[in-house]
Amino acid sequence: VVAGWEIARLEQDAARFQRINRPVSILPPDQYLAVVLQATEGCSYNQCSFCTFYRDRPFRIKSPAQFAEHVEQVRGFLGAGLAVRKSIFLADANAVVIPQRQLLPLLEIVNRDFSFEQEETVTLPGTDHTHKWAPSGIHAFISAPDALRKSPQDFAEMGAQHVRRLYVGLESGHDPLRSFLRKPGTGEDVLHALETIKQGGLHVGLIFMVGIGGEAFRQAHFRDTVALIQRAPLGEGDLVYISPFVASDDSPY
């Protein structure tokens, strides 16, 4: 279908996307085919020395009315393209930092506009073929300190709203390297955060970086990160991602 579009139409489509979304900076690899819904914009911390993804925008939480309009616009933009999407990703960098009393109404909006229990019928673009579709669940990033401000009951409430997995950026289990990277919290904080999330019945995704810290931290980074992962309460449905580090020229790192 897109092959038949002219440049002007493609430019119009891009402009429409930019009106609906701020730049979608980063997703876990298993969420590349997610429907991205920006309950927040930016990063509430935004001080890690290696990350420049959110430097261009202040952090803000959308009101229920703003978020409901955004969700409606995203659905309208994707249209039949929903058929190739697998899940819902609640963006931006750490959307679950939202206080629980504000977060639950936003999750209710997602559940109102997307059916997780019953498949909906989507007509494939440019064809008469239909496809039964339902997202597998809601996923999001959360930092360890933010997770520790919530209780297992908070995470259980999210699970009742079809939140299935939360991703925590470990980056390194070596605390001096974490400090060098301006990463908030300690390796032990990450372990406690994972335990709290798991006690609430959710799956976790743990992300660590290879190559970060260079030769100065190489051995200690490897040793302490592997040791921490071995202690982590991981099981079926949990993921560990190895993220190759590439320094950007404009980062404090």
Tell me whether [X] at atom [atom1] has more than 12 heavy atoms from other residues, nucleotides or ligands lying less than 6.0 Å away.
X	atom1	answer
Glu72	CD	no
Arg101	CZ	no
Phe222	CZ	no

message = When you measure from the centre of the six-membered ring of Phe114, is the NZ or CZ of Arg75 closer than 6.0 Å and no more than 45° off the axis?
response = yes
request  = Before giving the answer on salt bridge (Lys or Arg N to Asp or Glu O under 4.0 Å), spell out for Glu41 and Arg57 the whole-Å C-alpha distance, their side-chain angles and the decisive distance to 0.1 Å.
outcome  = CA-CA 7 Å; Glu41 293 179 2; Arg57 73 202 83 162; over 6 Å; no
Quick check: does any side chain N or O of [X] sit under 3.5 Å from a backbone N or O of [Y], one acting as donor and the other as acceptor?
X	Y	result
Asn111	Gln161	yes
Arg55	Asn46	yes
Tyr253	Gly213	yes
Lys62	Gln38	yes

message = For Asp146 and Tyr45, which I'm curious about, is there any donor-acceptor pair between the side chains at under 3.5 Å?
response = no
query = How about Thr186 and Asp175: does a side-chain donor come under 3.5 Å of a side-chain acceptor?
reply = no
query = Once the angle between the rings of Tyr167 and His139 is folded into 0 to 90°, is it parallel (under 30°), tilted (30 to 60°) or perpendicular (over 60°)?
reply = tilted
Result block: side-chain N/O donor-acceptor pairs under 3.5 angstrom for residues 78-89, not counting sequence neighbours:
unit_1	atom_1	unit_2	atom_2	d
Arg85	NH1	Ala34	O	3.1
Ser87	OG	Gln31	OE1	2.6

